[in-house]
Colleague: 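Structure provided below as structure tokens; questions to follow.
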Amino acid sequence: MEVKKQTPCLEGWFTMPPQEPQLIGNRCQSCGHYFFPRVTSCRNPLCDKAKPLEEVLLSRKGKLFAYTINYYSPPPPYHAPDPFVPFGVASVVLPEGIKVGGQIPKGVDLNALKVGMEMETVREVLYEDEQGSEVLSWMFRPAKSK
Amino acid sequence: MKKVAVVGVGETNFSGPQDKTEVELFAEAAMEAITESNLKPEDIKALFIGNVLGDFSEGQGMVQAFAAENIGCHHVPANKYEGACASASMAIRDAFIWVASGFYDIVLAGGVERAATMGTGLATRTFAMFSDARYEYPSGITFPAVFAMLTHLYADTYGIPLEKLREQMAKVSIQSYRHGSVNPRAQFFGKNADMTVEKVLGSFMVSSPLTLHDCCPFSDGAAAVVLASEEVAKKLTGKPVYITGVGQSSSGPLCNQSDYLPRIRAREISSRRAYDMAGVTPQDIDLCELHDCFSIASLIAAESLGFFEFGKAGEAWEKGEADIGGRVAINPSGGLKSKGHPIGATGAGQVYEVTRQLRGEVEPERQVEGARTGLTDTLGGDGGTLVNIILQRGW
């Protein structure tokens with residue numbers, strides 16, 4: 001079986017196989033604020049920035065904050081399949097207190113989405129590039145029951 | 001600080017694709033404003049112009065310099081402002097500050113855009129550049145998706161069933177279509193006056209639950225205003241409209257604003273600054289041209305501007321409280337939804353409308369009788385730039 005090469009859509013934004021899918025953020029060691037995407041300087045206006053930022057893996061699970069189903073094809077650089085298939089996008093609030101946007105993978109029942117439901121971070125193929133590599137992105141799907 | 005007046009306004013028709021260049025379009029609006037001010041181009045000391053995508057739409061950069069020369073404002077300082085859809089409002093606010101400071105006594109400000117000429121493909125692509133370029137738009141989170149998510153969030157936050165909210169939003173679009181249908185400058189002049197809730201809900205779904213009729217169009221157009229110090233204004237016109245308050249505020253990417261959503265924090269700060277500066281409250285506002293890029297955006301804006309309680313704006317529209325004759329007349333021009341949204345010119349179009357309303361000069365069907373105080377509200381990107389301007393009758 002041919003194994004396709006996999007590349008992240010954004011280098012260093014999330015873990016790659018064989019690691020569990022997790023977003024990579026950072027945390028200010030002075031004031032404790034978390035950031036995603038990572039920042040190079042703490043954004044808290046009240047922070048003395050005495051200590052550096054540290055890289056952290058963010059919680060895999062969070063709650064659905066807001067969502068929609070896109071019925072039209074977004075423009076490039078979004079890679080839309082041909083023919084276009086409507087897809088879900090979500091904003092998920094993580095226990096670290098930050099919200100992250102991402103797609104909802106194919107196969108999820110979009111009519112069953114409800115604000116506040118538990119979501120988990122997954123990693124899915126966004127599209128295949130010209131070299132035949134699978135370009136991966138983080139996405140959010142309703143969490144499987146424990 | 002000097003008092004600053006609007007002494008003349010001008011505007012092209014807001015429209016679909018048309019053949020004039022941005023320099024030519026702006027000239028049409030600018031000369032109307034200069035002529036109305038009883039001035040000549042040589043009297044203008046500086047030009048501040050909003051323009052967002054001129055380089056993409058017609059390959060023309062630095063439009064401000066060519067626009068100045070083209071109307072006979074030779075060798076004046078000409079500045080371009082880019083704050084996505086709030087560009088022209090930024091230009092007018094800065095023009096106000098320069099005149100108020102006494103550095104210039106007469107400044108021409110405005111904006112121009114050919115978003116419709118670009119076509120939906122290029123316009124959608126380039127508009128998306130004003131959300132966070134790192135991951136919002138590569139993920140397919142475009143502006144309709146952002147406002148669609150805000151719709152779900154709004155329904156959830158205020159406990160309004162989504163179907164009920166969708167009907168309220170449809171009524172926002174219906175009101176805007178009705179006013180735009182009798183505004184000869186509007187893109188949908190003479191159109192859509194018979195819009196119904198059923199037609200809005202049944203039209204093409206863009207990003208659920210937003211349909212085509214919940215979204216504003218792409219537009220071409222230009223608008224311009226002449227600002228002058230009080231002493232100059234008194235010599236030029238018997239009907240000076242004073243800018244008595246301005247506010248501007250900014251935010252980072254939408255995901256970083258999320259603690260406050262569906263409210264837009266930058267708008268609350270910006271409008272508060274404008275109210276405080278003018279010494280007025282939301283209760284004093286007779287009419288407001290606000291940023292209804294999507295129907296839900298009208299509800300969010302009207303609440304943040306202090307007209308209605310949070311979660312109650314939809315009811316206000318249903319009861320006619322946001323209409324002419326209601327508590328505050330919102331978008332009597334037809335707003336972005338029906339008048340149109342040439343992004344770099346939109347804020348100047350709002351000042352054009354409010355000024356003519358305060359002078360009592362618009363079509364009788366959409367005139368707010370006895371209006372003394374008006375407010376404009378423009379939002380650039382997904383909350384990145386907010387500008388508010390308060391205008392009051394000076395006679």
Side-chain angles (χ1 to χ4, degrees), chain A residues 9-14 23 25 33-39 43-44 63-81 84-94 97-104 110-111 113-117 124 126-127 135 137-140, chain B residues 56 118-129 131-159 162 203-212 214-215 251-262 294 296 382:
Chain A
C9 64
L10 289 160
E11 190 78 50
W13 283 44
F14 56 97
L23 295 165
H33 273 74
Y34 286 88
F35 300 99
F36 179 86
R38 282 178 293 169
V39 295
R43 223 177 13 238
N44 177 0
K63 287 195 181 338
L64 184 60
F65 179 67
Y67 69 96
T68 183
I69 305 162
N70 248 346
Y71 284 91
Y72 76 105
S73 180
Y78 177 73
H79 289 258
F84 172 73
V85 185
F87 65 98
V89 291
S91 172
V92 171
V93 57
L94 300 177
I98 51 178
K99 280 130 191 152
V100 180
Q103 275 194 40
I104 299 167
L110 298 172
N111 295 315
L113 294 173
K114 221 174 155 29
V115 169
M117 73 193 297
E124 300 276 338
L126 200 58
Y127 63 96
V135 178
S137 176
W138 78 92
M139 296 194 189
F140 295 109
Chain B
F56 282 90
M118 295 171 84
T120 302
L122 183 59
T124 310
R125 168 82 202 258
T126 49
F127 277 36
M129 299 192 305
S131 59
D132 182 81
R134 293 176 301 173
Y135 83 102
E136 281 178 21
Y137 88 108
S139 316
I141 305 176
T142 56
F143 287 114
V146 164
F147 282 91
M149 285 201 277
L150 286 175
T151 307
H152 282 285
L153 188 62
Y154 184 96
D156 185 69
T157 303
Y158 302 119
L162 192 62
S203 63
F204 171 73
M205 186 67 79
V206 179
S207 288
S208 68
L210 302 180
T211 69
L212 186 63
D214 287 303
C215 309
S251 291
L254 190 75
C255 59
N256 297 345
Q257 303 171 34
S258 50
D259 288 345
Y260 221 77
L261 298 173
F294 298 93
I296 184 68
D382 38 17

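Chain naming here is simple, since letters A, B, ... match the order of the sequence lines and numbering starts at 1 in each.
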Colleague: Select one option (side chain, backbone, both, neither) describing which atoms of B/Phe204 are under 4.5 Å from chain A's heavy atoms.
Modeller: side chain
Colleague: Could you tell me which portion of A/Phe65 (side chain, backbone, both or neither) has an atom closer than 4.5 angstrom to a non-hydrogen atom of chain B?
Modeller: both
Colleague: How are the rings of A/Trp138 and A/Trp13 set to each other: parallel, tilted or perpendicular (split at 30° and 60°)?
Modeller: parallel
Colleague: Just by distance, do the side chain of A/Arg43 and the backbone of B/Asn256 share a donor-acceptor pair under 3.5 Å?
Modeller: no
Colleague: Do side-chain atoms of A/Gln103 reach the backbone of A/Leu126 as a donor and acceptor pair under 3.5 angstrom?
Modeller: no
Colleague: Roughly how far, to the nearest 0.5 Å, is the CG atom of B/Asp214 from the CZ atom of B/Phe294?
Modeller: 9.0 Å
Colleague: Against chain B, label A/Ala80 side chain, backbone, both or neither, depending on which of its atoms sit under 4.5 Å from a heavy atom there.
Modeller: neither
Colleague: Is it true that the side chains of A/Tyr78 and B/Thr142 contain a donor and an acceptor less than 3.5 Å apart?
Modeller: no
Colleague: For chain A, find which of B/Ser208, B/Pro144, B/Gly121, B/Ala155 contributes the most heavy-atom pairs closer than 4.5 angstrom.
Modeller: B/Ser208
Colleague: Less than 6.0 angstrom separating the ring centers of B/Phe147 and B/Phe143, yes or no?
Modeller: no
Colleague: Taking every non-hydrogen pair under 4.5 Å, which of A/Ile98, A/Ile69, A/Val115 racks up the most with chain B?
Modeller: A/Ile69
Colleague: Heavy-atom pairs under 4.5 Å with chain B: which of A/Gly102, A/Pro37, A/Cys9 has the most?
Modeller: A/Pro37
Colleague: If we define contacts as heavy-atom pairs under 4.5 Å, which of A/Val100, A/Thr68, A/Val89 has the most with chain B?
Modeller: A/Thr68
Colleague: Salt bridge between B/Asp156 and A/Lys114, side-chain N to carboxylate O under 4.0 Å?
Modeller: no
Colleague: Under 4.5 Å heavy-atom distance to chain B, tell me which part of A/Val93 shows up: side chain, backbone, both or neither.
Modeller: neither
Colleague: Could you look at A/Ser137 and say if it's the side chain, the backbone, both or neither that has a heavy atom under 4.5 Å from chain B?
Modeller: neither
